[in-house]
Amino acid sequence: MPSDDALQQAAPALLLPRIRFVLVETSLSGNIGATARAMKNMGLSRLALVRPKQGARFADADAVARASGADDLLQAATLHDSLAEALAGCRLVLGTSARLRALEWPLLDAEGGGARLLAEAAHGDVALVLGREATGLRNDELALCHYLVQIPTNPDFSSLNIAAAAQVFAYEIRRQLIRRPVGSAAVADERPELATADEMEGFHAHLMHTLLAIGYADAEQCGTLARRLRRLFHRARPDRTELNILRGVLAKVAGRPGAEPDRRSG
Ligand code: SAH
């Protein structure tokens with residue numbers, strides 16, 4: 001058995017590479033560089049970019065200057081066409097926002113967010129999603145997140161620069177990592193086989209398709225229903241076996257005679 005000290009020392013190498021920062025449609029390449037620096041300072045390395053404004057040429061002179069030696073993170077950053085794609089394999093997704101959203105979403109502060117990310121990284125990949133400089137994250141992007149995380153700021157002036165926000169989150173993660181009692185995973189969902197973000201996406205598509213096919217939902221109004229159902233399943237956090245059961249049920253429902261009006265009438 002490794003000693004507690006050995007486990008404590010191994011924790012950063014084990015957990016930090018499982019924590020991914022995902023930047024959505026960042027406009028300024030300098031902000032991507034500054035975020036890479038903020039991450040590397042705290043020992044984080046996995047940067048994922050969804051449609052940065054400069055496209056594949058995001059690692060330009062501004063980005064490299066602001067990265068200030070963290071260019072390795074820029075080189076290793078992954079590029080994605082959609083947020084869903086950037087979240088593939090993640091069991092926990094935290095969205096960040098400077099302001100409270102109309103749609104109620106479970107909310108954490110920066111400390112709580114750091115604790116969750118660390119605790120769940122013990123069981124698999126996790127992600128923190130940062131939004132556009134001007135407009136943040138859209139509601140359909142927040143719908144892919146289990147929690148919304150906010151850095152408590154001056155309510156009259158709440159929006160940080162994206163790299164400054166990344167720095168606060170990265171610091172929270174490191175601060176808690178070096179302090180963390182060995183084996184503490186108080187806030188984690190311990191089940192190891194939770195369905196990942198991409199598996200849940202497949203399920204949600206299947207669910208909505210079935211609800212439309214059986215006439216429970218109609219195409220015009222299914223947006224709100226889809227968000228409510230997402231919230232429900234974000235709370236439930238099904239594991240892979242449970243998800244297979246649900247998909248099996250959907251397959252049976254769709255297979256029932258008369259379950260798909262389109263097919264019947266055509
Ligand atoms: N007007 C936008 C501000 C975007 S700031 C909005 O209200 O959302 C760019 C990004 O930095 C945000 O999308 C978020 O990821 C992060 N950010 C800025 N301030 C934050 C705060 N107080 N708490 C959490 N994240 C914050």
Side-chain angles (χ1 to χ4, degrees), residues 16-99 101 113 117 121 124-146 148-149 151 159-171 173 196-202 204-205 223 226 230:
L16 292 176
R18 292 185 179 167
I19 303 176
R20 152 181 351 171
F21 277 24
V22 182
L23 272 52
V24 178
E25 290 189 353
T26 312
S27 307
L28 299 174
S29 56
N31 279 337
I32 299 177
T35 300
R37 178 185 188 174
M39 291 173 66
K40 188 169 175 180
N41 280 144
M42 299 298 146
L44 291 160
S45 57
R46 293 189 60 195
L47 179 59
L49 306 172
V50 179
R51 295 186 303 269
K53 188 169 175 213
Q54 289 74 14
R57 306 162 86 92
F58 66 87
D60 59 13
D62 276 353
V64 171
R66 298 282 302 281
S68 232
D71 350 7
D72 50 333
L73 266 68
L74 297 179
Q75 298 310 322
T78 53
L79 267 182
H80 305 274
D81 288 333
S82 69
L83 177 57
E85 181 193 306
L87 297 175
C90 289
R91 56 178 268 139
L92 175 76
V93 182
L94 304 188
T96 59
S97 177
R99 58 202 158 98
R101 305 295 181 123
L117 288 170
D125 283 1
V126 297
L128 180 86
V129 186
L130 294 138
R132 300 162 186 80
E133 289 97 328
T135 53
L137 292 170
R138 296 192 308 248
N139 280 338
D140 63 303
E141 291 161 342
L142 285 175
L144 303 181
C145 304
H146 291 96
L148 188 57
V149 205
I151 302 163
S159 177
L160 276 78
N161 165 268
I162 182 174
Q167 185 70 81
V168 171
F169 288 117
Y171 171 65
I173 291 165
T196 56
D198 40 321
E199 289 162 346
M200 287 309 296
E201 277 317 285
H204 281 296
R230 272 179 189 278

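Along the sequence shown, residues carry numbers from 1.
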Any donor-acceptor pair under 3.5 Å linking the side chain of [X] with the backbone of [Y]?
{"X": "His80", "Y": "Leu49", "value": "no"}
{"X": "Ser97", "Y": "Arg99", "value": "yes"}
{"X": "Arg91", "Y": "Gly124", "value": "no"}
{"X": "Lys40", "Y": "Gly69", "value": "yes"}
{"X": "Glu25", "Y": "Lys53", "value": "no"}
{"X": "Gln54", "Y": "Ser27", "value": "yes"}
{"X": "Glu133", "Y": "Thr26", "value": "no"}

Going from [atom1] on [X] to [atom2] on [Y], what distance comes out if it is rounded to the nearest 0.5 angstrom?
{"X": "Ile173", "Y": "Leu16", "atom1": "CD1", "atom2": "CG", "value": "7.5 Å"}
{"X": "Glu85", "Y": "Thr78", "atom1": "CD", "atom2": "OG1", "value": "8.5 Å"}
{"X": "Phe21", "Y": "Leu128", "atom1": "CZ", "atom2": "CG", "value": "5.0 Å"}
{"X": "Leu83", "Y": "Arg51", "atom1": "CG", "atom2": "CZ", "value": "8.5 Å"}

I need the minimum non-hydrogen distance between [X] and [Y], along with the two atoms involved.
{"X": "Gly95", "Y": "Leu142", "answer": "CA-CD2, 4.4 Å"}
{"X": "Gly33", "Y": "Leu74", "answer": "CA-CD2, 4.2 Å"}
{"X": "Val93", "Y": "Ala197", "answer": "CG2-CB, 4.4 Å"}
{"X": "Ala34", "Y": "Ala163", "answer": "CB-CB, 3.5 Å"}
{"X": "Ala36", "Y": "Leu73", "answer": "O-CD2, 3.5 Å"}
{"X": "Ile162", "Y": "Gly131", "answer": "CD1-O, 3.3 Å"}

Between [X] and [Y], is any pair of side-chain heavy atoms under 4.5 Å apart?
{"X": "Glu201", "Y": "Arg230", "answer": "yes"}
{"X": "Ile32", "Y": "Leu23", "answer": "yes"}
{"X": "Asn31", "Y": "Asn161", "answer": "yes"}
{"X": "Val22", "Y": "Leu130", "answer": "no"}
{"X": "Leu144", "Y": "Val129", "answer": "no"}
{"X": "Gln167", "Y": "Arg37", "answer": "no"}
{"X": "Leu94", "Y": "Cys145", "answer": "no"}
{"X": "Val126", "Y": "Cys90", "answer": "no"}

Side chains of Ser29 and Asp60: do they bring a donor and an acceptor to under 3.5 Å? yes
Answer yes or no: is there an ion pair linking Glu141 with Arg132, defined by an N-O contact shorter than 4.0 Å? yes
Basic-acidic side-chain contact under 4.0 Å: Asp125, Arg20: yes
Would Asp81 and Val50 count as a side-chain contact (heavy atoms from CB on, under 4.5 Å) if you check the C-alpha gap in whole Å, the side-chain angles of each, and the deciding distance to 0.1 Å? CA-CA 6 Å; Asp81 288 333; Val50 179; over 6 Å; no
Any chance you could lay out the side-chain contact (heavy atoms from CB on, under 4.5 Å) test for Leu28 and Asp62, step after step, and finish with the verdict? CA-CA 9 Å; Leu28 299 174; Asp62 276 353; over 6 Å; no
